[in-house]
Amino acid sequence: MTSNSALGEHRREGGPARTDGRGLEEVLHGVVREALFRMDAVSAAVYLLSRDASEVRAAMIAGSPPSCFTMPCRMSMDMPRASTRAVATGKVAVLPDPDPADEDQTYALPYPYAALAAPVTAGGRRFGALTVLRLESHGGFGPTDRRVLQEIADALATDLAELASAGTAVMAGATPALVPVFHSSIRTPGWGVRGVPGSAGASLMYPLRHFAERLNQTTTVDDLIAAARDSIMSPFGARALVLASVGAGRLWVLGHSGPSSEMVRALHGTRLGARTPAVEAVRGHALFLPGGPPPEAGSGGQDAGPPGEAYLPLVVGGRSVAVASEVHPHVVGVCCLEFAGPREFPPEERTVLSMMAGMLGAAVERVELGTRQREVAEHLQRRLLPSGLSELPGLATTARYRPAVTTVQVGGDWYDVIKVSDERMVLVVGDVEGHDLDSAAVMGQARTALISYATEGHRPAVVIDRTGRLLAGLGTEQLVTCCVVALDTGDGTAEVALAGHPAPLVRRPDGGVGTLDAPANLPLGVTARHAYRSCEHTLSPGSVLMLYSNGLTDSATRDPGTCAEDLLRAGGREAGADLERLADRLVAEVSGARWRRDDAVLLLARYEGAVGRGAPRTASLHVQRRDLHGVKAARAFVDRQLRSWELTGLSETLQLIASEIVTNALVHAGSDVDVRLRAFEDHVRLEVRDSDGNPPVPSPLALDAERNAEAEHGRGLLIVEALAGQWNTSPNGRGKTVSLDLPILDG
């Protein structure tokens with residue numbers, strides 16, 4: 001206190017040279033320390049006007065964390081703040097509560113400090129304002145406080161005027177100078193070392209700093225929840241956490257952690273006009289509800305009454321603490337915390353939680369923006385892929401598409417199955433370099449040209465030759481690679497032509513894996529001096545062809561062809577009989593790779609031999625979107641085909657299964673639906689395709705609410721499970737295929 005008394009004495013004595021040779025920094029340092037001790041404040045700051053007088057900027061801030069970090073660096077003069085009001089009016093001003101509580105509401109103040117500012121003016125010149133923060137527990141500011149702060153501000157103004165007359169630029173720097181002065185009366189239970197000034201505040205700032213570091217690395221909502229769990233829930237002892245975003249006039253749950261079922265149900269879909277704490281927080285005003293019994297119920301036990309809760313607005317475009325937020329902050333959501341029992345919220349904890357909410361708001365907006373961009377890119381990419389695969393007796397096909405993980409741009413990978421005649425099918429897989437709209441446009445041009453030339457009946461080498469010439473004539477800058485295989489189901493002849501693309505693989509009936517070699521040729525878009533060449537191979541019945549793009553074997557250390565062979569070999573002989581299961585196994589490793597840099601396309605085809613004895617019988621039905629009679633038509637189709645194949649015993653069961661799956665597709669996918677039946681010697685396969693890539697989820701009868709919130713309505717798929725025992729769902733380019741097998745029983 002000696003130094004403080006000396007400062008005060010110096011102010012009272014006055015004199016012709018008040019600065020005593022001190023510079024601006026020394027003057028400001030002395031003032032903020034004097035204001036801290038004389039005003040019993042936790043932070044003090046000197047704000048100086050900018051050259052154009054449009055804003056005030058913090059020149060020096062003194063105090064203990066986290067209070068000093070709530071002091072804004074700059075404030076425009078039109079902001080309703082204590083500092084700006086003091087400068088504008090020339091009078092001492094206090095910070096008003098930007099959103100006072102209603103009489104029937106009881107909660108802890110989100111900004112636990114009272115702010116008082118005094119104008120710093122001398123000789124008609126406005127220099128700025130001297131602002132102090134005091135803990136809410138110390139009460140408001142009375143007349144004596146106003147007089148003392150104005151006295152300190154007037155002395156500062158005299159010193160600044162003297163410095164200015166001596167040629168010193170009285171201006172704030174690009175960032176304020178911080179002076180750590182720890183308040184001995186601040187004690188936040190559970191933080192720091194008891195009796196050590198500043199230890200609690202510094203300890204509180206530690207999870208804040210690590211939270212900021214974690215948020216810089218987040219790319220998904222799961223990442224956000226994990227960061228909030230580690231840096232908010234755990235340090236502050238919260239039992240449950242829910243993040244909700246604002247959209248279409250309602251709150252929508254983004255993610256949650258801990259036993260949060262009740263909070264999720266209460267929040268999800270809540271209208272913004274409702275009178276709930278979460279909606280109140282969306283207005284930009286954090287709510288801290290201590291919980292516990294009402295006053296008239298007595299003190300009770302520690303766990304009596306409702307638990308403590310906190311509702312933190314996720315603000316973007318302004319800090320979330322009230323002193324520095326905008327008049328109408330942009331709130332993108334709310335972070336809801338629930339504790340195990342009643343809980344007090346010390347002032348410094350409220351401050352740090354509000355800071356964390358501000359960081360979380362920016363991260364939520366960034367992640368949601370990235371998610372929307374990725375969804376748009378994927379949607380565009382999928383719309384450029386075929387809606388379905390052509391069919392031929394004796395040839396079964398399936399495809400998979402997986403977008404790149406490390407980019408949100410649209411890619412240029414595609415596949416096609418083109419029916420040329422009743423015995424000839426053309427398989428295509430291609431890849432356009434780059435990940436942008438130009439790549440997507442070139443992919444559309446290349447795909448259209450390939451389909452046109454293949455449909456005309458040209459051989460694969462001619463197809464890619466003409467496509468390359470067309471792309472060159474259009475001035476295409478991107479390179480295009482592709483693999484074209486023309487397969488004759490009558491004799492098993494497979495003619496392969498490549499344009500700088502990996503050769504297709506084949507797994508023979510004995511389980512051996514090899515390559516259908518062909519000249520590599522040049523990619524499309526490169527002027528070729530020589531005509532493209534192809535190579536013919538003969539397939540044995542039961543052979544499985546694998547066409548793929550480089551994204552399936554994205555490896556910096558291994559040859560893509562070797563990787564692809566290993567994948568196909570690891571698929572297992574038994575999986576070869578089920579293309580859907582084999583495709584799932586082949587892309588399983590790719591789907592889980594967070595580092596995948598390129599799109600991945602996989603096209604499988606199983607050659608089953610010439611149509612005749614032992615070959616599977618196939619039939620298909622197309623149901624248009626919103627067809628009210630589609631389910632009835634599907635049942636009739638199944639019954640008609642099974643009767644024609646003399647499999648009447650399976651008709652009733654398969655009709656019921658088909659109706660449930662088709663209903664589910666029409667209701668939830670909202671798209672056209674393709675139904676296909678394939679009768680083998682020992683089983684019948686039902687496949688239902690739609691354009692919704694999300695897998696169908698049975699609505700559980702007795703699962704916890706956490707999982708039930710994600711389940712589809714209805715019990716149709718439970719019926720399917722009961723009748724078929726096992727079914728499979730496989731996403732492809734523009735949707736998914738739900739498939740199942742029913743055994744053909746003897747007799």
Side-chain angles (χ1 to χ4, degrees), residues 70 79-80 96-112 211 215 221 224-225 227-228 232-233 236 238 240-257 260-291 306-339 345 349-369 371-372 709:
T70 69
M79 294 178 66
D97 188 345
D99 192 5
D102 296 337
E103 294 182 357
D104 59 344
Q105 289 181 320
T106 301
Y107 59 80
L109 293 175
Y111 187 68
F211 188 48
L215 291 182
V221 172
L224 290 178
I225 295 298
I232 299 180
M233 286 183 65
F236 290 88
L241 174 144
V242 177
L243 286 185
S245 63
V246 177
R250 295 178 181 269
L251 283 174
W252 306 102
V253 171
L254 289 176
H256 48 94
S257 181
S260 52
S261 300
E262 294 185 5
M263 294 179 68
V264 169
R265 286 197 298 267
L267 283 171
H268 197 59
T270 301
R271 291 180 294 103
L272 295 185
R275 296 285 295 178
T276 66
V279 173
E280 289 294 320
V282 173
R283 297 169 57 191
H285 194 71
L287 299 181
F288 296 91
L289 310 179
E309 298 174 335
Y311 297 87
L312 310 173
L314 306 182
V315 183
V316 175
R319 297 166 61 122
S320 61
V321 288
V323 72
S325 62
E326 300 293 339
V327 179
H328 298 292
H330 176 45
V331 180
V332 298
V334 60
C335 173
C336 309
L337 298 172
E338 183 182 86
F339 299 83
F345 295 96
E349 283 193 353
R350 277 175 270 154
T351 302
V352 173
L353 284 172
S354 295
M355 290 179 175
M356 288 180 163
M359 296 177 180
L360 193 55
V364 166
E365 185 178 57
R366 172 171 51 81
V367 168
E368 286 200 306
L369 177 61
T371 300
R372 289 193 295 269

Closest non-hydrogen atom pair, [X] against [Y]:
{"X": "Gly269", "Y": "Arg250", "result": "O-NH1, 2.6 Å"}
{"X": "Cys335", "Y": "Leu241", "result": "SG-CD1, 4.0 Å"}
{"X": "Ala227", "Y": "Leu215", "result": "CB-CD2, 4.3 Å"}
{"X": "Ala357", "Y": "Leu312", "result": "CB-CB, 3.6 Å"}
{"X": "Val279", "Y": "Ala274", "result": "CG1-O, 3.3 Å"}
{"X": "Ala238", "Y": "Leu337", "result": "CB-CD2, 4.1 Å"}

Are [X] and [Y] side-chain neighbours, meaning at least one heavy-atom pair lies under 4.5 Å?
{"X": "Glu262", "Y": "Glu338", "result": "no"}
{"X": "Thr276", "Y": "Glu280", "result": "no"}
{"X": "Met233", "Y": "Ser257", "result": "yes"}
{"X": "Leu360", "Y": "Leu314", "result": "yes"}
{"X": "Val282", "Y": "Pro313", "result": "no"}
{"X": "Leu243", "Y": "Ile225", "result": "yes"}

What distance do [X] atom [atom1] and [Y] atom [atom2] have between them, rounded to the nearest 0.5 Å?
{"X": "Leu353", "Y": "Phe288", "atom1": "CG", "atom2": "CZ", "result": "5.0 Å"}
{"X": "Arg275", "Y": "Thr270", "atom1": "CZ", "atom2": "OG1", "result": "14.0 Å"}
{"X": "Ser245", "Y": "Glu365", "atom1": "OG", "atom2": "CD", "result": "11.5 Å"}
{"X": "Glu349", "Y": "Met356", "atom1": "CD", "atom2": "CE", "result": "10.5 Å"}
{"X": "His256", "Y": "Cys336", "atom1": "NE2", "atom2": "SG", "result": "12.0 Å"}

With ring pair (Phe, Tyr, Trp, His ring centres under 6.0 Å) as the test, pick out the partner of Phe345 among Tyr311, Phe339, Phe236. Phe339
With sequence neighbours excluded, residues passing ring pair (Phe, Tyr, Trp, His ring centres under 6.0 Å) with Phe211: none
Between Thr371 (side chain only) and Val367 (backbone N and O only), is there a donor and an acceptor less than 3.5 Å apart?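 Such a contact is found between Thr371 side chain and Val367 backbone.
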With Val242 as reference, evaluate Val334, Leu267, Leu251 under the side chain to side chain contact (heavy atoms under 4.5 Å, CB included) test and give the passing residue.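 Of the listed options, the one satisfying the test is Leu267.
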